[in-house]
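To keep things clear, I will list the structure first and then write my remarks on it.
Numbering of ligands and ligand atoms starts at 1, following listing order. The first residue of the sequence shown is numbered 1, and numbering continues consecutively from there. None of the values given here were measured: they were computed from a predicted structure.
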Amino acid sequence: DKGGYRHFMAKEIAEQSSVLAAAVKFYLSGREGQTMLENDLDFTNIDRVVMVACGTASLACFTAKYWFEQIAGVPVEIDIASEFRYREPPISDRTLAIFVSQSGETADTLAALRYCAGKAGKIVSVVNVAESSIARESDVVLPILAGPEIGVASTKAFTCQLVVLAAMALQAARQRKVLPAEALSKLEDQLLQMPGLMADVMTCEGQVKAISQQLARFKDAIFLGRGAMYPLALEGALKLKEISYIHAEGYASGELKHGPIALIDDDMPVVVIAPHDEMFDKTVSNMQEVMARGGKIVMLSDAKGLAEAGGETWQQIEVPQIEGPFAPIAYAVPIQLLAYHTAVEKGTDVDQPRNLAKSVTVE
Ligand code: M6R
């Protein structure tokens, strides 16, 4: 049931606010006492976390790497499952291994999990399908509570994965006592506010739709982001190519000048994820490098950011001001909408893009 929407993807984007509310509540509800995660996970007896997944789920892991490292001081290794499983990486019993998969059936992720079984201290899976193979073979199963995701392009599963991983990073910080209590509770509040913000962010849809009508004319696009917005830039590029068939690449903003800038001309739209945060000035200077070469900037930022640097950009998308490290969760919405409306404009099969399957059970 598409719930009145034209595509499952549109419905799944729109319902993220309510779906996330349930996930946030489930993982943060025990604030005063024991949280649900506290019973199952011990971050005090590990040296590092290894996170393995494929596609969009691997980009959720990549985002969470920033959180685990910055918030909890835990070293994190991330990898895509198809590489990890054949790399023979050393895994000790002081490693917590996390496998993220919407379907819980992705063949490479399952094989990576089996590689770690018996080596890692604990095998944790973050899945949407609780009775899946990956869940069955894990020591701890953390459901993302997204409900069925029908669109092949992952949207609400991605943001729910981010919520669970964010709650885990907070749990790690709490157990390892690396943050003062006030700092920790501020972060918890920021995560608790995320579902409400997801609804506010949806107000940018009109702007995004208008820009998508322009974007659909191009053959290529680049997405740029810094810090935890870098994985989101990769996700934006993945989503756009997956459903609109426009060739898109994501780069860390600071990496542009090391090669990709050679691609910039006036046929190259560049989506810059640029919240007005501590890295804003750096991102703006990368944006100026692109504009100086005729690149067409689509600037995604808040009112402050757009007022400071949006003036000469080709297009602007405004989202509310979002404080703190979990901002990529809310910024995922315009990124998803951009891919969605571009695909609709091009008339592609949004929910069933060519050559793709919802669950990839071949290696
Ligand atoms: O079911 P999984 O989360 O393990 O699937 C992993 C990828 O195949 C998946 O995220 C894929 O990249 C999506 N279609 C992207 O939108």
Side-chain angles (χ1 to χ4, degrees), residues 7-13 16 19 23 51-64 78-85 97-116 123-138 141-165 223 231-246 248-250 328 332-333 335-340 342-343 348-363:
H7 299 100
F8 283 108
M9 186 181 177
K11 171 178 174 271
E12 289 161 2
I13 292 173
Q16 288 179 106
V19 172
M51 287 195 241
V52 182
C54 298
T56 288
S58 78
L59 297 172
C61 297
F62 194 3
T63 312
I78 49 157
D79 206 349
I80 47 174
S82 57
E83 285 301 313
F84 179 88
R85 60 176 294 199
I98 305 174
F99 300 87
V100 181
S101 174
Q102 188 285 130
S103 63
E105 300 297 345
T106 300
D108 282 321
T109 308
L110 181 59
L113 181 155
R114 287 179 177 156
Y115 173 82
C116 289
I123 306 280
V124 179
S125 63
V126 176
V127 293
N128 200 24
V129 183
E131 47 294 320
S132 57
S133 307
I134 287 174
R136 271 199 307 274
E137 297 189 27
S138 306
V141 181
L142 302 175
I144 63 168
L145 308 169
E149 190 182 65
I150 310 294
V152 164
S154 187
T155 52
K156 62 175 180 171
F158 176 64
T159 48
C160 286
Q161 286 161 355
L162 290 177
V163 164
V164 178
L165 294 170
F223 286 74
L232 189 61
L234 299 178
E235 169 63 2
L238 174 59
K239 212 99 294 177
L240 188 68
K241 58 191 150 194
E242 182 176 24
I243 58 170
S244 78
Y245 315 148
I246 292 174
E249 301 297 335
V333 173
I335 288 298
Q336 296 164 349
L337 287 170
L338 197 64
Y340 173 73
T342 305
T348 56
D349 189 345
V350 171
D351 285 333
Q352 278 294 336
R354 68 187 181 199
N355 312 339
L356 283 168
K358 184 65 184 161
S359 178
V360 184
T361 52
V362 290
E363 301 184 348

Using a 3.5 Å cut-off on N or O atoms only, is Lys239 in polar contact with ligand 1? yes

State whether the shortest distance between N or O atoms of Lys358 and N or O atoms of ligand 1 falls below 3.5 angstrom. no

4.0 Å heavy-atom contact, Ala153 with ligand 1: yes

Heavy atom of the protein closest to atom 5 (O) of ligand 1 (residue, atom name, distance): Thr106 OG1, 3.6 Å

Among protein heavy atoms, which lies nearest atom 16 (O) of ligand 1, and at what distance? Glu242 OE1, 2.7 Å

Sequence neighbours excluded, the answer for ring-ring contact (aromatic ring centres under 6.0 Å, His included) partners of Tyr340 is His7

Under 3.5 Å, is there a donor-acceptor pair linking the side chains of Thr342 and Ser244? no

Among protein heavy atoms, which lies nearest atom 15 (C) of ligand 1, and at what distance? Thr56 OG1, 3.0 Å

Within a distance under 4.0 Å of any heavy atom of Ala57, pick out the atoms of ligand 1 and give their elements. 3 (O), 10 (O)

Would you find a donor on one side and an acceptor on the other, under 3.5 Å apart, between the side chain of Lys239 and the backbone of Ser154? yes

Polar contacts were defined as any N/O atom of the residue lying under 3.5 Å from an N/O atom of the ligand; does this apply to Gln161 and ligand 1? no

Option among Val100, Val129, Ile123, Leu113 that satisfies the side-chain contact (heavy atoms from CB on, under 4.5 Å) test with Ile134: Leu113

Report, in ascending order of atom number, the atoms of ligand 1 lying under 4.0 Å from any heavy atom of Gln102. 1 (O), 2 (P), 3 (O), 4 (O)

Quick note, side-chain hydrogen bond (donor to acceptor under 3.5 Å, both in side chains) partners involving residues 349-361, not counting sequence neighbours, are Glu149-Lys358

Atom CD of residue position Glu363 - does it have more than 12 heavy atoms of other residues, nucleotides or ligands inside 6.0 Å? yes

the protein heavy atom lying closest to atom 1 (O) of ligand 1 turns out to be Ser103 OG, 2.7 Å

Distance to 0.1 Å, residue and atom name: give those for the protein heavy atom nearest to atom 8 (O) of ligand 1. Val360 CG2, 4.0 Å

Name the closest protein heavy atom to atom 7 (C) of ligand 1, giving the residue it belongs to and the distance to 0.1 Å. Cys54 O, 3.6 Å

Can you tell which of Thr106, Thr109, Leu110 makes a side-chain contact (heavy atoms from CB on, under 4.5 Å) with Ser133? Leu110

Pick one: which of Leu165, Val124, Asp79, Val126 meets side-chain contact (heavy atoms from CB on, under 4.5 Å) with Met51? Leu165

Quick one: does any side-chain atom of Asp108 pair with a main-chain N or O of Ala81 as donor and acceptor, under 3.5 Å? no

Which of the numbered atoms in ligand 1 are below 4.0 angstrom from a heavy atom of Gly55? 12 (O)

If you measure every N or O of Val152 against every N or O of ligand 1, does any of those distances drop under 3.5 Å? yes

